[in-house]
Protein chains: 2
Amino acid sequence: MARAATTSDAFNAVAEPRRREILDVLAGGERPVNDLVDLLDLAQPHVSRHLRVLRDVGVVDVRGEGRQRLYRLNPQALKPIHDWVAGYRHLWEERLDALEDVLEDLKDQENQEKD
Amino acid sequence: MARAATTSDAFNAVAEPRRREILDVLAGGERPVNDLVDLLDLAQPHVSRHLRVLRDVGVVDVRGEGRQRLYRLNPQALKPIHDWVAGYRHLWEERLDALEDVLEDLKDQENQEKD
DNA sequence: ACATCATATATCCATATGTATATGCGTTGG
DNA sequence: CCAACGCATATACATATGGATATATGATGT
(Lines give C-alpha, C1' and ligand atoms only; values in the text may rest on other atoms or scores of the structure.)
Protein backbone atom coordinates (compact mmCIF):
# COMPACT_ATOMS: atom_id res chain seq x y z
CA MET A 1 0.00 0.00 0.00
CA ALA A 2 1.08 3.57 -0.57
CA ARG A 3 1.39 6.45 1.78
CA ALA A 4 -1.71 8.04 3.23
CA ALA A 5 -3.12 10.82 1.09
CA THR A 6 -2.57 14.37 2.26
CA THR A 7 -6.29 14.80 1.79
CA SER A 8 -7.10 11.99 4.19
CA ASP A 9 -7.21 14.18 7.29
CA ALA A 10 -6.04 17.41 8.85
CA PHE A 11 -2.94 15.75 10.27
CA ASN A 12 -1.65 14.88 6.81
CA ALA A 13 -2.72 18.16 5.26
CA VAL A 14 -0.88 20.16 7.86
CA ALA A 15 2.27 18.04 7.67
CA GLU A 16 3.46 20.19 4.77
CA PRO A 17 5.26 23.37 5.88
CA ARG A 18 4.00 25.40 2.93
CA ARG A 19 0.44 24.62 3.86
CA ARG A 20 1.06 25.69 7.42
CA GLU A 21 2.40 28.95 6.05
CA ILE A 22 -0.76 29.41 4.03
CA LEU A 23 -2.85 28.83 7.13
CA ASP A 24 -0.73 31.27 9.08
CA VAL A 25 -1.55 33.94 6.52
CA LEU A 26 -5.23 33.07 6.42
CA ALA A 27 -5.33 33.29 10.20
CA GLY A 28 -5.10 37.03 9.62
CA GLY A 29 -8.26 37.03 7.53
CA GLU A 30 -9.79 36.13 4.21
CA ARG A 31 -7.46 36.35 1.20
CA PRO A 32 -7.57 35.92 -2.58
CA VAL A 33 -5.14 33.47 -4.15
CA ASN A 34 -2.85 36.12 -5.55
CA ASP A 35 -2.26 37.58 -2.13
CA LEU A 36 -0.92 34.22 -1.03
CA VAL A 37 1.21 33.99 -4.16
CA ASP A 38 2.83 37.32 -3.37
CA LEU A 39 3.19 36.82 0.35
CA LEU A 40 4.57 33.29 0.24
CA ASP A 41 6.65 33.62 -2.92
CA LEU A 42 5.12 30.51 -4.45
CA ALA A 43 3.94 29.93 -8.00
CA GLN A 44 0.23 30.38 -8.39
CA PRO A 45 -0.45 26.77 -9.41
CA HIS A 46 1.31 25.56 -6.28
CA VAL A 47 -0.78 27.78 -4.10
CA SER A 48 -3.96 26.61 -5.80
CA ARG A 49 -2.92 23.02 -5.35
CA HIS A 50 -2.19 23.44 -1.66
CA LEU A 51 -5.46 25.25 -1.21
CA ARG A 52 -7.24 22.35 -2.85
CA VAL A 53 -5.77 19.94 -0.34
CA LEU A 54 -6.67 22.21 2.53
CA ARG A 55 -10.18 22.56 1.17
CA ASP A 56 -10.65 18.82 0.78
CA VAL A 57 -9.81 18.40 4.43
CA GLY A 58 -12.06 21.27 5.46
CA VAL A 59 -9.37 23.48 6.92
CA VAL A 60 -10.25 26.31 4.57
CA ASP A 61 -13.45 27.52 2.93
CA VAL A 62 -13.81 29.31 -0.41
CA ARG A 63 -16.10 32.07 -1.51
CA GLY A 64 -16.40 33.45 -5.02
CA GLU A 65 -16.18 37.22 -5.14
CA GLY A 66 -16.33 38.43 -8.74
CA ARG A 67 -13.44 36.82 -10.55
CA GLN A 68 -11.56 36.25 -7.35
CA ARG A 69 -11.73 33.29 -5.03
CA LEU A 70 -11.50 34.30 -1.41
CA TYR A 71 -10.10 31.71 0.98
CA ARG A 72 -10.92 31.75 4.63
CA LEU A 73 -9.61 29.68 7.50
CA ASN A 74 -11.92 27.19 9.16
CA PRO A 75 -10.18 26.82 12.50
CA GLN A 76 -12.52 24.18 13.85
CA ALA A 77 -10.93 21.63 11.52
CA LEU A 78 -7.69 22.02 13.46
CA LYS A 79 -9.29 21.14 16.74
CA PRO A 80 -8.69 17.37 16.41
CA ILE A 81 -4.97 18.06 16.16
CA HIS A 82 -5.07 20.30 19.17
CA ASP A 83 -7.06 17.78 21.16
CA TRP A 84 -4.60 15.03 20.32
CA VAL A 85 -1.43 16.86 21.33
CA ALA A 86 -3.13 18.41 24.32
CA GLY A 87 -3.36 14.91 25.75
CA TYR A 88 0.45 14.83 25.86
CA ARG A 89 0.91 18.28 27.25
CA HIS A 90 1.07 17.29 30.90
CA LEU A 91 3.87 14.88 30.02
CA TRP A 92 6.33 17.54 29.01
CA GLU A 93 5.10 19.95 31.61
CA GLU A 94 5.75 17.39 34.31
CA ARG A 95 9.41 17.67 33.51
CA LEU A 96 9.32 21.42 33.90
CA ASP A 97 7.57 21.00 37.21
CA ALA A 98 10.26 18.56 38.28
CA LEU A 99 12.89 21.09 37.28
CA GLU A 100 11.13 23.75 39.30
CA ASP A 101 11.11 21.45 42.29
CA VAL A 102 14.85 20.96 42.00
CA LEU A 103 15.39 24.70 41.76
CA GLU A 104 13.30 25.25 44.85
CA ASP A 105 15.24 22.62 46.74
CA LEU A 106 18.45 24.39 45.81
CA LYS A 107 16.99 27.65 47.09
CA ASP A 108 16.02 26.00 50.36
CA GLN A 109 19.52 24.65 50.73
CA GLU A 110 20.95 28.11 50.20
CA ASN A 111 18.68 29.55 52.83
CA GLN A 112 19.62 26.83 55.30
CA GLU A 113 23.29 27.52 54.67
CA LYS A 114 22.71 31.19 55.41
CA ASP A 115 21.21 30.40 58.81
CA MET B 1 10.73 17.52 -5.99
CA ALA B 2 8.97 14.95 -3.91
CA ARG B 3 7.02 15.29 -0.74
CA ALA B 4 8.84 16.14 2.45
CA ALA B 5 10.23 13.10 4.23
CA THR B 6 8.29 11.85 7.22
CA THR B 7 11.56 11.90 9.06
CA SER B 8 11.96 15.62 8.54
CA ASP B 9 9.94 16.81 11.50
CA ALA B 10 7.39 15.84 14.11
CA PHE B 11 4.48 17.08 12.00
CA ASN B 12 5.21 14.54 9.28
CA ALA B 13 6.01 11.75 11.69
CA VAL B 14 2.73 12.18 13.47
CA ALA B 15 0.68 12.41 10.27
CA GLU B 16 0.49 8.63 10.16
CA PRO B 17 -2.32 7.19 12.29
CA ARG B 18 -0.37 4.04 13.19
CA ARG B 19 2.42 6.16 14.60
CA ARG B 20 -0.03 8.12 16.67
CA GLU B 21 -1.33 4.81 18.01
CA ILE B 22 2.18 3.82 18.94
CA LEU B 23 2.67 7.09 20.76
CA ASP B 24 -0.64 6.64 22.54
CA VAL B 25 0.59 3.33 23.90
CA LEU B 26 4.00 4.71 24.88
CA ALA B 27 2.27 7.53 26.70
CA GLY B 28 1.42 4.87 29.28
CA GLY B 29 5.08 4.05 29.82
CA GLU B 30 8.14 2.37 28.40
CA ARG B 31 7.48 -0.69 26.22
CA PRO B 32 9.44 -3.34 24.31
CA VAL B 33 8.73 -3.74 20.61
CA ASN B 34 6.76 -6.95 21.01
CA ASP B 35 4.30 -5.28 23.36
CA LEU B 36 3.47 -2.85 20.57
CA VAL B 37 3.20 -5.69 18.07
CA ASP B 38 0.64 -7.43 20.26
CA LEU B 39 -1.29 -4.35 21.30
CA LEU B 40 -1.55 -2.77 17.87
CA ASP B 41 -1.91 -5.95 15.84
CA LEU B 42 0.88 -4.94 13.49
CA ALA B 43 3.68 -7.06 12.06
CA GLN B 44 6.93 -6.64 13.96
CA PRO B 45 8.86 -5.16 11.01
CA HIS B 46 6.16 -2.51 10.62
CA VAL B 47 6.40 -1.55 14.23
CA SER B 48 10.18 -1.41 14.00
CA ARG B 49 9.98 0.80 10.94
CA HIS B 50 7.53 3.22 12.51
CA LEU B 51 9.64 3.35 15.62
CA ARG B 52 12.61 4.20 13.46
CA VAL B 53 10.79 7.19 12.00
CA LEU B 54 9.66 8.33 15.42
CA ARG B 55 13.19 7.94 16.71
CA ASP B 56 14.70 9.92 13.85
CA VAL B 57 12.42 12.79 14.70
CA GLY B 58 13.15 12.48 18.39
CA VAL B 59 9.64 11.67 19.51
CA VAL B 60 10.79 8.44 21.11
CA ASP B 61 13.97 7.28 22.79
CA VAL B 62 15.38 3.75 22.94
CA ARG B 63 17.15 1.88 25.66
CA GLY B 64 18.70 -1.56 25.39
CA GLU B 65 17.63 -3.90 28.18
CA GLY B 66 19.11 -7.35 27.66
CA ARG B 67 17.84 -8.58 24.34
CA GLN B 68 14.92 -6.21 24.40
CA ARG B 69 14.75 -2.66 23.13
CA LEU B 70 12.64 -0.49 25.37
CA TYR B 71 10.98 2.50 23.71
CA ARG B 72 9.98 5.53 25.68
CA LEU B 73 8.04 8.62 24.71
CA ASN B 74 9.88 11.92 24.52
CA PRO B 75 6.93 14.29 24.86
CA GLN B 76 8.97 17.47 24.43
CA ALA B 77 9.30 16.70 20.72
CA LEU B 78 5.55 17.17 20.39
CA LYS B 79 5.65 20.66 21.83
CA PRO B 80 6.20 22.40 18.47
CA ILE B 81 2.99 20.87 17.20
CA HIS B 82 1.13 21.98 20.28
CA ASP B 83 2.54 25.46 20.06
CA TRP B 84 1.52 25.77 16.43
CA VAL B 85 -2.11 24.70 16.82
CA ALA B 86 -2.41 26.56 20.09
CA GLY B 87 -2.00 29.73 18.07
CA TYR B 88 -5.27 28.92 16.31
CA ARG B 89 -7.16 27.93 19.40
CA HIS B 90 -8.70 31.32 20.09
CA LEU B 91 -10.07 31.32 16.55
CA TRP B 92 -12.41 28.42 17.10
CA GLU B 93 -13.11 29.40 20.65
CA GLU B 94 -14.20 32.83 19.49
CA ARG B 95 -17.10 31.18 17.78
CA LEU B 96 -18.09 29.47 21.00
CA ASP B 97 -17.80 32.77 22.81
CA ALA B 98 -20.02 34.37 20.20
CA LEU B 99 -22.53 31.59 20.73
CA GLU B 100 -22.42 32.19 24.45
CA ASP B 101 -23.05 35.87 23.88
CA VAL B 102 -26.11 35.06 21.84
CA LEU B 103 -27.38 32.75 24.53
CA GLU B 104 -26.87 35.41 27.16
CA ASP B 105 -28.72 37.93 25.05
CA LEU B 106 -31.59 35.51 24.80
CA LYS B 107 -31.56 35.09 28.57
CA ASP B 108 -31.62 38.86 29.05
CA GLN B 109 -34.55 39.12 26.70
CA GLU B 110 -36.39 36.49 28.69
CA ASN B 111 -35.75 38.36 31.89
CA GLN B 112 -36.97 41.62 30.38
CA GLU B 113 -40.11 39.91 29.19
CA LYS B 114 -40.72 38.65 32.70
CA ASP B 115 -40.55 42.19 34.14
C1' DA C 1 -18.59 38.77 -28.82
C1' DC C 2 -13.81 39.45 -27.37
C1' DA C 3 -9.65 40.33 -24.88
C1' DT C 4 -7.98 40.17 -20.32
C1' DC C 5 -7.38 39.00 -15.73
C1' DA C 6 -7.72 35.48 -11.70
C1' DT C 7 -7.65 30.64 -10.78
C1' DA C 8 -7.91 25.90 -11.63
C1' DT C 9 -6.44 21.82 -13.77
C1' DA C 10 -3.49 18.31 -16.83
C1' DT C 11 0.62 16.27 -17.45
C1' DC C 12 5.38 15.40 -16.50
C1' DC C 13 9.21 13.96 -13.35
C1' DA C 14 11.90 12.27 -9.23
C1' DT C 15 11.16 10.70 -4.87
C1' DA C 16 9.40 9.18 -0.35
C1' DT C 17 6.17 6.51 1.31
C1' DG C 18 3.71 2.13 3.66
C1' DT C 19 3.11 -2.59 3.45
C1' DA C 20 5.02 -7.34 2.89
C1' DT C 21 8.55 -10.99 3.03
C1' DA C 22 12.93 -12.62 4.05
C1' DT C 23 17.07 -12.22 6.31
C1' DG C 24 20.80 -10.48 9.40
C1' DC C 25 22.47 -9.85 14.06
C1' DG C 26 23.12 -9.39 18.91
C1' DT C 27 21.63 -11.44 23.47
C1' DT C 28 20.37 -14.99 26.43
C1' DG C 29 19.94 -19.77 28.27
C1' DG C 30 21.33 -24.46 28.39
C1' DC D 1 29.24 -23.09 21.89
C1' DC D 2 24.87 -23.34 19.81
C1' DA D 3 19.86 -22.73 19.39
C1' DA D 4 16.07 -19.75 20.33
C1' DC D 5 14.52 -15.33 20.91
C1' DG D 6 13.92 -10.09 20.03
C1' DC D 7 14.52 -6.85 16.99
C1' DA D 8 16.44 -4.22 12.84
C1' DT D 9 17.13 -3.96 8.18
C1' DA D 10 17.13 -5.11 2.67
C1' DT D 11 14.42 -5.53 -0.95
C1' DA D 12 10.19 -5.32 -3.85
C1' DC D 13 6.04 -2.99 -5.17
C1' DA D 14 2.04 0.18 -5.84
C1' DT D 15 0.95 4.74 -5.07
C1' DA D 16 0.68 9.61 -3.59
C1' DT D 17 3.37 13.30 -3.52
C1' DG D 18 5.41 18.30 -4.68
C1' DG D 19 7.29 20.96 -8.12
C1' DA D 20 7.24 22.84 -12.99
C1' DT D 21 5.07 24.14 -17.29
C1' DA D 22 1.30 24.67 -20.20
C1' DT D 23 -3.33 25.11 -20.82
C1' DA D 24 -8.29 25.41 -19.66
C1' DT D 25 -12.07 27.70 -17.23
C1' DG D 26 -14.69 31.49 -15.72
C1' DA D 27 -15.77 36.24 -14.77
C1' DT D 28 -15.24 41.13 -16.17
C1' DG D 29 -15.14 45.19 -18.93
C1' DT D 30 -15.69 47.18 -23.38
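In what follows, every chain begins at residue 1, and chains take the letters A, B, ... in the order their sequences are listed.
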Steps toward side-chain hydrogen bond (donor to acceptor under 3.5 Å, both in side chains) verdict (B/W84, A/D24): CA-CA 9 Å; B/W84 182 78; A/D24 289 342; 3.2 Å; yes
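The separation between B/D9 atom CG and C/dA16 atom P is 15 Å, rounded to whole Å. One atom, OH of B/Y71, and another, P of D/dC7, lie 9 Å apart when rounded to the nearest Å. Going from atom CZ of A/F11 over to atom P of C/dG18 covers 16 Å, rounded to whole Å. Distance CD1 (B/I22) to P (D/dC7): 13 Å, rounded to an integer number of Å. For the pair A/R20 CZ and D/dG18 P, the interatomic distance rounds to 13 Å; values are reported in whole Å. Atom-to-atom, CZ of A/R52 to P of C/dA10 comes out at 9 Å; the value is rounded to the nearest Å. Rounded to a whole Å, the CD atom of B/E65 is 9 Å from the P atom of C/dT28. Distance, A/N12 CG to D/dA16 C1': 11 Å, rounded to whole Å.
Comparing B/V47 and A/H50, the nucleotide of DNA chain D nearest to each residue sits closer to the 5' end for B/V47.
Cation-pi contact between B/R63 and B/Y71: absent, since separation from the ring centre below 6.0 Å together with deviation from the ring axis within 45° is not met.
The side chain of B/E16 approaches C/dG18 more closely than any other nucleotide in the set C/dG26, C/dG18, D/dC7. Checking C/dA6, D/dC7, D/dG6 against every side-chain atom of A/R67, the shortest atom distance belongs to C/dA6. In this structure, the nucleotide among D/dT9, C/dT19, D/dG19 sitting nearest to the side chain of B/R18 is C/dT19.
Within the 4.0 angstrom heavy-atom criterion, only backbone atoms of the sugar-phosphate kind lie near B/R19; the bases stay farther away.
Panel note: side chain B/N74, backbone B/V60; no donor-acceptor pair is recorded below 3.5 Å. Side chain of B/D61 to main chain of B/R72: no donor-acceptor pair is present (N/O by atom type, distance under 3.5 Å, no hydrogens or angles).
Criterion: ILVMFWY side-chain heavy atoms under 4.5 Å apart, direct or through other members. Under it, B/L54 and A/Y88 are part of a common hydrophobic cluster. Linking Ile, Leu, Val, Met, Phe, Trp and Tyr whenever their side-chain heavy atoms come within less than 4.5 Å leaves A/V53 and A/V25 in two separate clusters.
Contact check on A/D9 versus B/R20 returns a salt bridge, with a Lys/Arg side-chain nitrogen under 4.0 Å from an Asp/Glu carboxylate oxygen.
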Please tabulate, one pair per line, each protein N/O and nucleotide N/O from nucleotides 20-22 of chain C that are separated by under 3.5 Å, including the distance.
residue : atom : partner : partner atom : Å
C/dA20  : OP2  : B/H46   : ND1          : 2.9
C/dA20  : OP2  : B/H46   : NE2          : 3.0

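Dashed line: the shortest gap from a side-chain N or O of B/S48 to OP1 or OP2 of D/dC7 is not under 4.0 Å.
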